[in-house]
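Report on the following structure.
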Amino acid sequence: MNRAETLQHLAWLCRNGRALTAAVVEASGWTELDAVLPGGGWQAGTIVELMPAVTGIGELRLVLPALARITGAGRHVTLIAPPYIPFAPALAQQGVRLDRVLVIQAQQAEDILWAAEQSLRCRSFGAVLAWPATIRDREIRRLQLAAEAGGSTGFLYRSLDAARESSPAALRLKLRRTENSALQIDVLKCRGGRSGMSVKVEAPCSGCA
Amino acid sequence: MLWLCIALPQLPLEALRSEETSQPLVVTACEGSARWIVCVNPAAERARLKQDMNYTMALALCPDVQKLERNPAAETAALARLAAWAYQFSSTVILGEVPLDFRQARSSALWLEIGGSLKLFGGFRDFIAALERELALLHYSYQLGIGPTLEGAALLARAGIRVVIPSPTALQLRIRNLPIAHLALAPEIVGALHTAGVRTIGLLLELPRAAVIQRFGVQLGNFLDRLIGTAADPRPVFRLPHHYAARFDFELEVKSTEALLFPLRRMLHEFSGFLRARDTGVQHFTLTFAHRAAAGTKLDIGLSLADRDANRFLALVRERLERLELPAPTIGLGLSADQFAMPAALQADLAQGVLQQSEALAHTIDRIAARLGTQQVHGLRQVADHRPEASWAAAAPQQDARDTVQFPERPLWLLQEPKPLQLSVMPQIVVGPERIEGGWWDTGDLQRDYYIVHLSTGADLWVYRDRGGRGGWYLHGFWS
């Protein structure tokens, strides 16, 4: 962590007090990944950035075990401005309860952010997935505050270019496919954990299992 | 009987607009060829303009004064909305008549019988506090008076006496030294009384009633009897309507939607008061924007859960308004509702936590749908159809549809339209083919062989080869 991030982390600690140690964590469902994530999974009240190299490498599948458990427990999940149709039969096959899924279509960047913020603030949502076309630091910070207020996890799907910029998100993961079809996850940043690690999860793509 | 009078001295002005302005503004009325001031706003008052002043004189004092024409119909509508609102505090509400004579226009009032309500609200102090808290949201200038008779309470309100006067005897003592100007009598009678040297209410009440009637007319005699309670004062009691229909007519055209929020806020708070009075809520209400030259614009506001919170109503309306193009400036607003439902939060306190969560969710969905459009927020469900594009459908949010439909494994992303693929090199096939046929009985006839293919970039795609029709390869999904 650089100085600015340390300060930011301290500010976060001040705001949340002991919440950090008692953070609610939803296991990602991937043993290798949980081993490197602080608390052993996706932390509630944080923003996670996922930066896949290309579409179709299991970037959505990565969060599905968590979504299945969240919806199974009766909480809601929302997908904001997804680039394609979230295919209901596939979600159901992965164990997601469809009546707990909400899709929000939005075109304008500001509408996407606004909808994400509203959803994150609402305690009924366990996870909010968003595909913003563009997003700035200041806006991610707003989403971070909203996630803390609502206690849900916000997953932001961003392009690989974003990996070169810094971001206030708590966790930043770069995703790519290895030769032997595993999904390689590079941890660019991990608040409360170690960054710079890489893990491989096996067969994230269900079709090629 | 104990009456609370809400006197509305600024009603001629406030019935026409609900927001403060720093511009001097007066309401005027014509009598013969002369124009008179009925009511002034604080800015006009600072410019030394007063009621009953000739408008020509006012223009000389303050050339940039703006004038509105008095509109008794708008005052009546405002008073009716207020009566429906007031019903939440008392089941006996009496609606005063709006005086047609503009010189008495500042004496509009309504009354609530509060003897029965005090216990319900936990005593006098709490009752008044609750009433004033709600009343403040409506942005009316008001005075309160509490007395044993209707006219007595109104007199106490206009005189600014904020003491509960429970009995006629106490009332007579308390009002003895008040000037007769507080009685809101016709100006001729006030003039005649002054000429006769009768300046206080005490003096007027001491005069033999027969002499008063002979000299000033039977109306004044009746009025005095009703004031001190020696004669009954029967008036029609306001009945709460079954359907809600409120109007707010402006004298000036309102061009910006931002400026519409002021009258809307008042109307929604009044509406919320009506819903509390009926002890119910709504899931649907309609706003109408009236225009001078064009047909009115209707705006339907729907909620996922029955509600009666004015602030939530306002937030939803605001979102919709920001996206609404009104064809012309607005000269009036209407609010109507005819179906009512108990707000979910009040139905039961069983499983309070769960209910609060679903309520919060419904409010969030409503807010988002209000801004982005109802079609833009939806749930998902499966459909028992082998054609991929027909095997899913958008559903109402939270619609319970746990169909058990069995398909072979499907990709998480589906393309809206299959995209033709130019394949120079056949990619590596991981799984396939899965033959999907069907739909010849309706429009979507198809014959396809689906494959999962793996690209050198690492991506897994769901592609098919069209066996009928045009042939060729198509991309239909991603194994994301």
Side-chain angles (χ1 to χ4, degrees), chain A residues 52-62 64 74-76 78-80 82-94 96-108 111 114-115 118-119 121-125 150 157 175-179 181 183-184 204-209, chain B residues 354 356-365 367-369 371-373 375-383 388-389 391-395 397-416 430-432 452-455 457-462 477-480:
Chain A
V54 288
T55 304
I57 56 171
E59 69 276 14
L60 194 52
R61 176 82 174 83
L62 184 68
L64 275 177
R75 295 184 80 195
H76 287 73
T78 181
L79 286 78
I80 301 170
Y84 303 100
I85 298 166
F87 201 23
L91 290 170
Q93 281 165 3
Q94 300 298 331
V96 174
R97 256 183 79 178
L98 288 177
D99 61 331
R100 291 287 184 264
V101 177
L102 204 64
V103 180
I104 298 172
Q105 308 286 358
Q107 280 79 41
Q108 307 293 326
D111 286 342
W114 178 82
Q118 298 291 319
S119 315
R121 276 193 190 285
C122 177
R123 299 203 74 87
S124 307
F125 288 105
Y157 280 91
L175 312 176
R176 63 192 158 96
R177 205 60 168 287
T178 61
E179 297 281 309
S181 266
L183 181 69
Q184 174 159 338
C205 157
S206 49
C208 36
Chain B
V354 177
Q356 269 172 9
Q357 286 239 329
S358 73
E359 238 202 325
L361 177 72
H363 295 326
T364 304
I365 294 175
R367 258 203 315 281
I368 295 173
R371 170 155 163 170
L372 303 178
Q375 302 299 315
Q376 306 297 93
V377 181
H378 59 82
L380 294 172
R381 65 185 176 88
Q382 297 193 76
V383 180
E389 45 270 80
S391 66
W392 76 282
Q398 303 193 66
Q399 180 182 315
D400 202 353
R402 264 178 278 175
D403 274 340
T404 44
V405 186
Q406 292 300 326
F407 296 109
E409 271 200 291
R410 291 285 177 253
L412 284 163
W413 283 147
L414 188 75
L415 268 61
Q416 196 78 45
V430 186
V431 178
I452 300 169
V453 299
H454 183 76
L455 300 189
T457 58
D460 290 329
L461 313 182
W462 203 38
F478 291 101
W479 296 89
S480 282

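Quick note on labels: first sequence line is chain A, next is B, and so on, each numbered from 1.
Heavy atoms of B/Pro408 lying under 4.5 Å from chain A belong exclusively to its backbone. With a threshold of 4.5 angstrom between heavy atoms, A/Gln108 does not approach chain B through any atom at all. At a 4.5 Å heavy-atom cutoff, A/Ile80 makes no contact with chain B through either its backbone or its side chain. Using a 4.5 Å cut-off between heavy atoms, A/Glu59 touches chain B through backbone and side chain atoms alike. Looking at B/Leu372, the atoms closer than 4.5 Å to chain A (heavy atoms on both sides) all sit in the side chain, from C-beta outward.
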message: Evaluate A/Trp114 against B/Ile368 for side chain to side chain contact (heavy atoms under 4.5 Å, CB included), listing each step before the verdict.
response: CA-CA 9 Å; A/Trp114 178 82; B/Ile368 295 173; 4.0 Å; yes
message: Checking B/Leu361 against A/Phe125 for the side chain to side chain contact (heavy atoms under 4.5 Å, CB included) test, could you report, in this order, the C-alpha distance in whole Å, the side-chain angles of both residues, the deciding distance, and whether it holds?
response: CA-CA 8 Å; B/Leu361 177 72; A/Phe125 288 105; 3.4 Å; yes
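Among all heavy-atom pairs drawn from A/Pro82 and B/Trp413, the shortest one is CB-CH2, 3.7 Å. When all heavy atoms of B/Phe478 and A/Gly56 are compared, the closest pair comes out as CB-CA, 4.1 Å.
If you tally non-hydrogen atom pairs under 4.5 Å between each of A/Pro86, A/Gly74, A/Ala115 and chain B, the highest count goes to A/Pro86. With chain A as the partner, the residue from B/Pro397, B/Ser391, B/Gly379, B/Ala395 showing the most heavy-atom pairs under 4.5 Å is B/Ser391.
At least one side-chain heavy atom of B/His378 sits less than 4.5 Å from a side-chain heavy atom of A/Gln105. Considering only heavy atoms from C-beta on, A/Arg177 comes within 4.5 Å of B/His454 through its side chain.
Under the salt bridge (charged side-chain N to carboxylate O under 4.0 Å, His left out) criterion, B/Arg367 pairs with no residue, sequence neighbours left out. A search for side chain to side chain contact (heavy atoms under 4.5 Å, CB included) contacts involving B/Thr457 returns A/Val54, B/Leu455, B/Ala459, not counting sequence neighbours.
Taking OG1 of B/Thr364 as the reference point, atom CZ of A/Arg121 lies at 11.0 Å (rounded to 0.5 Å).
The backbone N or O of A/Leu98 lies less than 3.5 Å from no partner atom in the side chain of B/Gln382, so there is not a single donor-acceptor pair.
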